[in-house]
Structures are given as structure tokens and as C-alpha cells.
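The structure under discussion appears below in the form of C-alpha cells.
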Amino acid sequence: METATVVVAPAPVSITQPPQHKLMELKPAFAAVAKPSPARKAKPAKKKLAGGCGGYVLEDVPHLTDYLPELKSYPNPLQDHPAYSVVKQYFVNPDDTVAKKIVVHKSSARGTHFRRAGPRQRVYFQPDEVTAAIVTCGGLCPGLNTVIRELVCGLHDMYGVSSIYGIEGGYKGFYARNTVELTPRSVNDIHKRGGTVLGTSRGGQDTAKIVDSIQDRGVNQVYIIGGDGTQKGAASIHEEVQRRGLKCAVVGVPKTIDNDIAVIDKSFGFDTAVEEAQRAINAAHVEAESAENGIGVVKLMGRNSGFIAMYATLASRDVDCCLIPESPFFLDGKGGLLEFVEKRLRDNGHMVIVVAEGAGQDLIAKSMNFADTHDASGNKVLLDVGLWLSHKIKEHFKKKPSFPITLKYIDPTYMIRAVPSNASDNVYCTLLAHSALHGAMAGYTGFTVAPVNGRHAYIPFYRITEKQNKVVITDRMWARVLCSTNQPCFLTHEDVEGAAGLDEEEPHMPLVEGEYALVRSPSMCNGNGHLCSGAA
Ligand SMILES: Nc1ncnc2c1ncn2[C@@H]1O[C@H](COP(=O)(O)OP(=O)(O)OP(=O)(O)O)[C@@H](O)[C@H]1O
Ligand SMILES: O=P(O)(O)OC[C@H]1O[C@](O)(CO)[C@@H](O)[C@@H]1O
Ligand SMILES: [Mg+2]
């Protein structure tokens, strides 16, 4: 492990863990202890924080040596790889970290950083020791197959790993389905297809059973591709793996077209989805333009976050009104949506409305009195806002016989996520997969990999799962949308006051024992291991 940066915080070690020399004697694929009773809960992993000068904080990720301190390391085989041997500085400097915030003032603290992703000089697995498993969970997203392909090809071509399995049908596939062997040949052209060749599912996440399966199959690297729910599942798998003292790296690759994962720049598949949404918006615009008082309503995905609707609106420029979950709206009366629709039709003769599926759910529930239902993962099942809105608009104009309208409702929901990824998402997925496997080979675990301000980083699970990424309606990006559509903002003063801020939290670092395990890093401090002033 890279000792220059981090001193390991005391790890929560299971009392069933055998002495270390025993661990090292076990089957090379994994070091395991007796299976625990499913009733015992894994303790949440401690946060690993290191301080540095000028308010610098490293939010580090766990490493296998945190709880298996005697693990052997080996020179990275990449150093002999013909493609990489010529690359200067191919291995990531152990002190390299990625800043969470890059807009700073001269007096700002340096703030939170994450460990930079990439290949390390030393690895903690020998190629023939690795048994890797890949699983995809949650809804579909363009690029899933590309990530699978690049994990398989990357592990094989860069590290000489040949034992790679796909878990079929999401988390429950660990204990309810068969595995499929993955080779560079079997995944060769899967990136040209939408969906996931492994299948996916919601619900059925049973951590104890999953870790039993990991243990039984001798899996020592698990790559888990999925959204916020999946990453929560991955966090509990990692905790249980650590509690059992298994030599098994648990790695998350964030996936969701909703782009609702916090901290990261953007989730893969999002660009493709926005591009695909353009086709629906174009169709709505053509239909609307060709009719008398034509209205095109397009519903796009976005359960709690309206990013797809927002970016699709900005990209298109044909949209007259964009409705997202983060920005409440109302229909009737002065300043309401119906008044705006009427005005826009009088002015332009046609209009296009883009609505994110999670928008206006409270209004629909009020007017239709539906009981909440949830999917197998516990996500609220949404009511069809597009249908409801279309109905309300038609009802409104029915009362005005001198004002005939033609409304077309387009619901491309699944079409924007079932397509193969576009070129830029393909490249992005490749980098994600490579960053993920370099991290696992280097012994890091319990992390999600993703770009932060353009640089790939290893981010602890808790950072990804503690809150969702949402459109900030008091931010300039939403103002750009309002400028491009010239729609009313529908907001009251209270809505604005209550809206989430752009840059709220920067976690402060209590210098006391407790939830945070503060670690002082000699290389980042003033040479004697003390935090420089301003670090707290
Ligand atoms: N809090 C949680 N703890 C453990 N597992 C969870 C948790 N939430 C969800 N999961 C599991 O993660 C898997 C995927 O979750 P979910 O269906 O919410 O999709 P997701 O990963 O959020 O992706 P997306 O929202 O983009 O479709 C499911 O198998 C679900 O059971
Ligand atoms: O696949 P399902 O269960 O219909 O889920 C649809 C949901 O999945 C997503 O595509 C991703 O969370 C959402 O945008 C959408 O609400
Ligand atoms: Mg989700």
C-alpha cells in the first residue's frame, strides 16, 4: 500500500477472524473465515480521513491491508507490457489526489480530495490468483455492455487475468442464478448492443447470501455496476467482506441515466440518453408546428433529478417549457402553467413541453388520490405526469371552444436508455472500467470510481450514497434553461429559500475520535505529522 499518504485507521475486525498467518495459508483465491450467522450485522466501515496543509483533507478509500496487514504485494505486470512500457509516469504518484472543488478563493481552505485513480507500482494480486465477478443492477443504461467488455479485456490484456465471471440478473443472481464465463472473445462486440448481456434486476439484495456466494466461488474482485441503490448494496457487501476478513476487493462503477449520483461529474449513458431524447423532442416540435395551436408534450426519465430534461431542453432550443422534479409548478391562475401555454400559443401558434417523469407528482397525487406503490428495490412508482398534464391541458382548452388545440403526447421513456452508448460514452466507459480494475489490482476496496472535475478518482461508498445529485434551481444552469425557454419560474419566495444550495457541505473534520478516523499524513503536513494551521 502507498504508505506515503495514509496511515490506516483501526479497522473493525471480526472476532471470528483467525490469526493473520492462518489467513495467508488459505487457498490463494481468497482468505476466508468461517461463515458468520446471517443475523450478525456488519459494522459500517470507518471513514479514512487524512489532513494536510491549508485545510487539505483526503477522504481516502479502504485498502485490503487495512484488515489483512500481511498481504503480499508484487510489482505491477504493466511495467513489462509493451504498450505501456514507453509511457512516462505511467504509474500514478502515490500522493496524487483529486480536488472535489476547483473553484476556490485565495483564502479558501483546500478542502476535500479523493485518491487519484490509475495503475500503481505494486499490486496485491497475482494474475492467476484473481477470480473476478461482474454484476449489473438496477435500470438499464447505455454503456453497460461497454463497461463489462472493458473490465474483461482490461483484466485480461493488462494484468493477464483469465478467471472472470458474469453474475446473471443483478444482485439476486449471486445466489439464485448461474454465472457465465467471460472472455475477451465472448465480450468482443457487446458494446454495440444496448442493455446488459448479464441481465439486471431490482430488489432481492441479501448481503449475507451474496457474500456467502462470493466466498463459495472464491471470488476476490467484485465489480458492481449500478446506480445509487446498487452502490448502497455494494457498501454493505464490502462491510460484510471486511467483517469476514476476506481478501476480496469490492468496487462500484456508478451507472444511471438520471445522473443523480452525487460528487461525480456525470454518470455514463447520460450523454447518449440526452442525445436520444432529441429525437423525441424534434418529433414533438414537427407535430406541434404542423397543427393549429399544436402542443407537443414529451416525457423524459428522471425520477428525482431533472438532468435529462434540463440538458435535452438546452440542447434542443425548440422547447418552450421544461418541468423537473426540483422545481415545483402549478397549473391554474395567474402565473400558472395553463396561462403560459395559452399565451405561448397566441404568440407562436405552437409549443413544446418537456416534462421529467418525477415532476409534479404531488399535484397528480392530490388530484387523483392514488396510494403510493414501490418497486422491488423500494423506489416509489411514479404516476404518469405526461398523461396527466396532457389531460389537464386538453380539459382547459375544452372550455374555450374558440381556441382549438391539437396535442400530441410522446413518451420515449425506455427508448432513451435501451440504446447502445454513443462514442463519447464508450470512451468514458472504457476509462471507468480501467480505473476500476487498476484500483482493485492495487488492493483498494470499498470504493466507487468516477471522474471528479475531469480526473478519475476513487471515492468512498458513503460519499456516493449519502445524498442524491439534483438540479440546483438557484444555480446558473437552471437560469440558462429559463432564459432559453422564457417560461415562468413558478417559484414562490419560500421555494427559492428552501431550495438546495449549490455548494453546501464541505465536511468539517472533527479532530476527535468518533465517526471520523482522522489520520495525519507526514507527506502532506509540515514534516512532523502535525496538521498545518487551517487544516481543521
Ligand atoms: N439501501 C440499500 N441497501 C442495499 N441494497 C440496496 C439498497 N437500495 C437498493 N439496493 C439494491 O440495489 C439494486 C439496485 O437498486 P435500484 O433498483 O434502486 O437501482 P439503482 O442501482 O439505484 O439504479 P437506477 O436507479 O439507475 O435504476 C437492487 O437489487 C436493490 O435491492
Ligand atoms: O426499469 P424501471 O423499473 O421501469 O425503472 C424506471 C426508472 O429507472 C430509471 O431509468 C433509472 O433510475 C429512472 O429514470 C426511471 O424512473
Ligand atoms: Mg437509483
Side-chain angles (χ1 to χ4, degrees), residues 41-42 44 135-144 147 167-177 194-196 198-211 222 224-240 250 252-262 264 266-270 272-274 276-277 299-312 324-325 355-359 361 373-386 411-419 448 450 461-462 464-471:
K41 275 213 136 200
V135 64
T136 52
C137 311
L140 292 184
C141 178
L144 281 164
V147 176
I167 305 293
E168 292 182 306
Y171 275 135
K172 61 179 85 156
F174 270 104
Y175 48 87
R177 303 274 287 270
T196 157
L198 298 178
T200 184
S201 64
R202 299 194 189 274
Q205 206 269 359
D206 183 327
T207 304
K209 281 199 203 165
I210 290 170
V211 180
V222 196
I224 301 174
I225 312 167
D228 56 335
T230 304
Q231 303 301 314
K232 286 178 193 155
S236 67
I237 291 169
H238 162 65
E239 282 154 20
E240 182 60 15
V250 181
V253 181
K255 167 246 53 152
T256 170
I257 55 160
D258 288 357
N259 197 35
D260 59 6
I261 298 182
I264 74 176
K266 183 166 60 174
S267 47
F268 74 79
F270 175 72
T272 306
V274 169
E276 200 58 22
K299 184 181 76 171
L300 295 174
M301 280 195 168
R303 213 198 284 273
N304 303 311
S305 307
F307 287 103
I308 297 176
M310 176 165 92
Y311 277 78
I324 59 170
V355 57
E357 61 180 343
Q361 290 296 311
T373 50
H374 295 87
D375 69 15
S377 294
N379 301 302
K380 197 171 149 195
V381 174
L382 300 173
L383 303 167
D384 192 332
V385 64
D411 178 358
T413 316
Y414 293 99
M415 292 177 67
I416 68 167
R417 71 171 205 189
V419 290
T448 300
F461 281 138
Y462 66 85
I464 295 288
T465 56
E466 64 195 359
K467 67 172 194 174
Q468 275 188 323
N469 189 28
K470 303 231 185 207
V471 172

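We count ligands from 1, going down the list as the structure has it; atoms in each ligand are counted the same way.
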N379 touching ligand 1 at heavy-atom level, < 4.0 angstrom: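 True for this residue.
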
G170 near ligand 1, heavy-atom distance under 4.0 Å?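 G170: no contact with ligand 1 (<4.0 Å).
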
Examine [X] against ligand 1 and note whether any of their N/O atoms are separated by less than 3.5 Å.
| X | result |
| --- | --- |
| G139 | yes |
| Y171 | no |
| R202 | yes |
| C137 | no |
| K255 | yes |

Which residues pass the side-chain contact (heavy atoms from CB on, under 4.5 Å) test with T230, sequence neighbours left out?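 T230: side-chain contact (heavy atoms from CB on, under 4.5 Å) contacts with C137, Y171, I224.
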
Just list the N/O pairs, ligand 2 to protein, that are under 3.5 Å apart, with the distance for each.
residue, atom, partner, partner atom, Å
ligand 2, 1 (O), R202, NH2, 3.3
ligand 2, 1 (O), R417, NH1, 3.2
ligand 2, 1 (O), R417, NH2, 2.7
ligand 2, 3 (O), R202, NE, 2.9
ligand 2, 3 (O), R202, NH2, 3.4
ligand 2, 4 (O), Y414, OH, 2.5
ligand 2, 5 (O), R202, NH2, 2.9
ligand 2, 8 (O), R202, NH2, 3.0
ligand 2, 8 (O), R417, NH1, 3.1
ligand 2, 10 (O), R417, NH1, 2.9
ligand 2, 12 (O), D258, OD2, 3.4
ligand 2, 12 (O), R303, NH2, 3.4
ligand 2, 14 (O), D258, OD1, 2.7
ligand 2, 14 (O), D258, OD2, 3.2
ligand 2, 14 (O), E357, OE2, 3.0
ligand 2, 16 (O), E357, OE1, 3.3
ligand 2, 16 (O), E357, OE2, 2.5

Please classify the T207 to ligand 1 contact at 4.0 Å (heavy-atom distances, strictly less than): side chain, backbone, both or neither. neither

In the protein, N/O/S atoms that are found under 2.8 Å from the Mg ion (ligand 3), waters not counted: D228 OD1

For the OG1 atom of T256 and the NZ atom of K266, what is their distance to the nearest 0.5 Å? 14.0 Å

Does any part of the side chain of N259, heavy atoms only, come nearer than 4.5 Å to the side chain of N469, both counted from C-beta?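 They are in side-chain contact.
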
Set of residues satisfying salt bridge (Lys or Arg N to Asp or Glu O under 4.0 Å) with respect to K209, sequence neighbours excluded: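 For K209 there are no salt bridge (Lys or Arg N to Asp or Glu O under 4.0 Å) partners, ignoring immediate neighbours.
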
Among all protein heavy atoms, pick the one closest to [atom] and tell me residue, atom and distance.
| atom | value |
| --- | --- |
| atom 22 (O) of ligand 1 | D228 OD1, 2.5 Å |
| atom 17 (O) of ligand 1 | S377 OG, 2.6 Å |
| atom 10 (N) of ligand 1 | G229 O, 3.3 Å |

Any side-chain donor near an acceptor of the partner, T448 and Q231, under 3.5 Å: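 Note: T448 and Q231 side chains meet the donor-acceptor criterion.
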
